[in-house]
Structures are given as structure tokens and as C-alpha cells.
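Have a look at the structure below before the remarks.
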Amino acid sequence: MDKVMRMSSEKGVVIFTKSSCCLCYAVQIMFRDLRVQPTIHEIDNDPDCREIETALLRIGCSTAVPAVFVGGKLVGSTNEVMSLHLSGSLVPLIKPYQSLLYQAN
């Protein structure tokens, strides 16, 4: 769990993903469209993948991936992030991490 907490606090917005997860990709694209360049950790490329998944579930994520952290705090998985976005609560949360210069491809 220490590794997950350390990794989740590296940058302002951190997303734990798996390379084969389409919802992970959708969440990444949404953040990029919101002018945030998240730090992405593809856990299936990490030798501690199973331990990371277990830690994410213990921390409180409803599914292991995608797991979104903002400012070192768990926001949640796809449902929680999308609910925040639809309610208008996500943008104020990520405002400190938005870039005026970043443009999504």
C-alpha cells in the first residue's frame, strides 16, 4: 500500500490503468480534454501488479482500474469521476492542475 500512496502523490493528477482497459483510456482522454496531463501508471507493466490492485481496492476504489487520484487523494474509478464531471464538481477539483498551454491531440 505504501507504493500506491507514494505513486499517487507524485503529481497532481495520477491515474492507475491497465493497457487493455477501454474505460481507463476514456478517463485519460477526458482529463486531457480538460487540459490536464495526468501521470499514468499502467499497472499491468509493473511486477507488483497484483499487490497494487489489492491496495487500490483496500484504499476504497470500487474497481482496481481506472483509479484516479487528485492531489494525492482518491477520487475514485470511472463512475465516481464521471459523476463528478457531470455534476460540475470535477473541474474545480482539477483546476490547479489544468494547463493553458496543453492541447489534447
Side-chain angles (χ1 to χ4, degrees):
M1 186 143 12
D2 290 338
K3 181 176 183 174
V4 169
M5 297 313 292
R6 183 177 29 80
M7 293 167 73
S8 66
S9 299
E10 287 176 347
K11 299 285 182 177
V13 178
V14 177
I15 306 174
F16 290 86
T17 70
K18 284 189 176 180
S19 57
S20 61
C21 173
C22 61
L23 291 175
C24 296
Y25 180 73
V27 168
Q28 290 177 54
I29 295 301
M30 183 188 72
F31 275 97
R32 289 185 178 129
D33 286 348
L34 293 171
R35 298 187 335 262
V36 173
Q37 182 63 48
T39 297
I40 306 297
H41 292 292
E42 285 189 350
I43 65 172
D44 51 345
N45 295 325
D46 192 303
D48 297 325
C49 179
R50 289 195 190 271
E51 291 82 7
I52 293 172
E53 283 181 303
T54 302
L56 290 169
L57 293 170
R58 283 189 183 147
I59 290 168
C61 207
S62 58
T63 60
V65 293
V68 177
F69 290 79
V70 176
K73 296 182 182 184
L74 176 66
V75 172
S77 195
T78 307
N79 287 342
E80 294 82 9
V81 171
M82 293 300 183
S83 293
L84 284 171
H85 187 46
L86 292 173
S87 72
S89 301
L90 183 62
V91 171
L93 189 64
I94 62 171
K95 191 167 185 65
Y97 311 107
Q98 287 180 311
S99 170
L100 296 174
L101 301 176
Y102 178 71
Q103 299 217 347
N105 293 333

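Side-chain atoms are counted along with the backbone in the values below, which use heavy atoms only and exclude waters and symmetry mates.
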Problem set entry | salt bridge (charged side-chain N to carboxylate O under 4.0 Å, His left out) pairs, two or more places apart, involving residues 73-91 | none
For this session: Measure the shortest side-chain to side-chain distance between Asn45 and Glu42 over non-hydrogen atoms and say whether it is less than 4.5 angstrom.
Result: yes
Exercise. With Gln28, which residues qualify under side chain to side chain contact (heavy atoms under 4.5 Å, CB included), at least two apart?
Worked result: Ile15, Thr17, Cys24, Arg32, Ile40
Problem set entry | In one Ile/Leu/Val/Met/Phe/Trp/Tyr side-chain cluster, 4.5 Å: Val13, Leu23 | no
For this session: Only pairs at least two apart or in different chains count here, so list each ring pair (Phe, Tyr, Trp, His ring centres under 6.0 Å) that has a residue in residues 1-21.
Result: Phe16-His41, Phe16-Phe69
Exercise. Residues in side chain to side chain donor-acceptor pair (under 3.5 Å) with Thr78, at least two apart?
Worked result: none
For this session: Say whether Leu74 and Leu57 are linked into one hydrophobic cluster, either directly or through other cluster members, by side-chain heavy-atom distances under 4.5 angstrom.
Result: no
Problem set entry | Set of side chain to side chain contact (heavy atoms under 4.5 Å, CB included) partners for Leu90, sequence neighbours left out | Met30, Phe31, Leu34, Val81, Leu84, His85, Leu93, Ile94
Problem set entry | Candidate pair Val68 and Val70, rule side chain to side chain contact (heavy atoms under 4.5 Å, CB included), full reasoning | CA-CA 7 Å; Val68 177; Val70 176; 4.3 Å; yes
For this session: Would you check if the side chain of Ser77 reaches a backbone N or O of Asn79 as a donor-acceptor pair within less than 3.5 Å?
Result: no
Problem set entry | Counterpart residues, side chain to side chain donor-acceptor pair (under 3.5 Å), relative to Ser20 (two or more places apart) | none
Seminar exercise, completed: Contacts of Glu53 meeting salt bridge (charged side-chain N to carboxylate O under 4.0 Å, His left out) (sequence neighbours excluded), chain-then-number -> Lys18
Problem set entry | Side-chain (Arg35) to main-chain (Gln98) donor-acceptor, under 3.5 angstrom | no
Exercise. Does Ser19 have any side chain to side chain donor-acceptor pair (under 3.5 Å) partners at least two apart in sequence or in another chain, and if so, which?
Worked result: Asp44
Problem set entry | Partner set under side chain to side chain contact (heavy atoms under 4.5 Å, CB included) for Thr54, not counting sequence neighbours | Arg58
For this session: Heavy atoms only: give me the nearest Gly88-Pro92 pair and the separation to one decimal.
Result: O-CD, 3.3 Å
Exercise. Between Ser9 (side chain) and Arg6 (backbone), is there a donor-acceptor pair under 3.5 Å?
Worked result: no
Exercise. What residues form a side chain to side chain contact (heavy atoms under 4.5 Å, CB included) with Lys11, not counting sequence neighbours?
Worked result: Val14, Thr39
For this session: For Met7 and Val4, run side chain to side chain contact (heavy atoms under 4.5 Å, CB included): C-alpha distance rounded to whole Å, both residues' side-chain angles, the deciding distance at 0.1 Å, then the answer.
Result: CA-CA 5 Å; Met7 293 167 73; Val4 169; 5.6 Å; no
Exercise. In chain order, what residues pass the side chain to side chain donor-acceptor pair (under 3.5 Å) check against Lys95, with sequence neighbours excluded?
Worked result: none
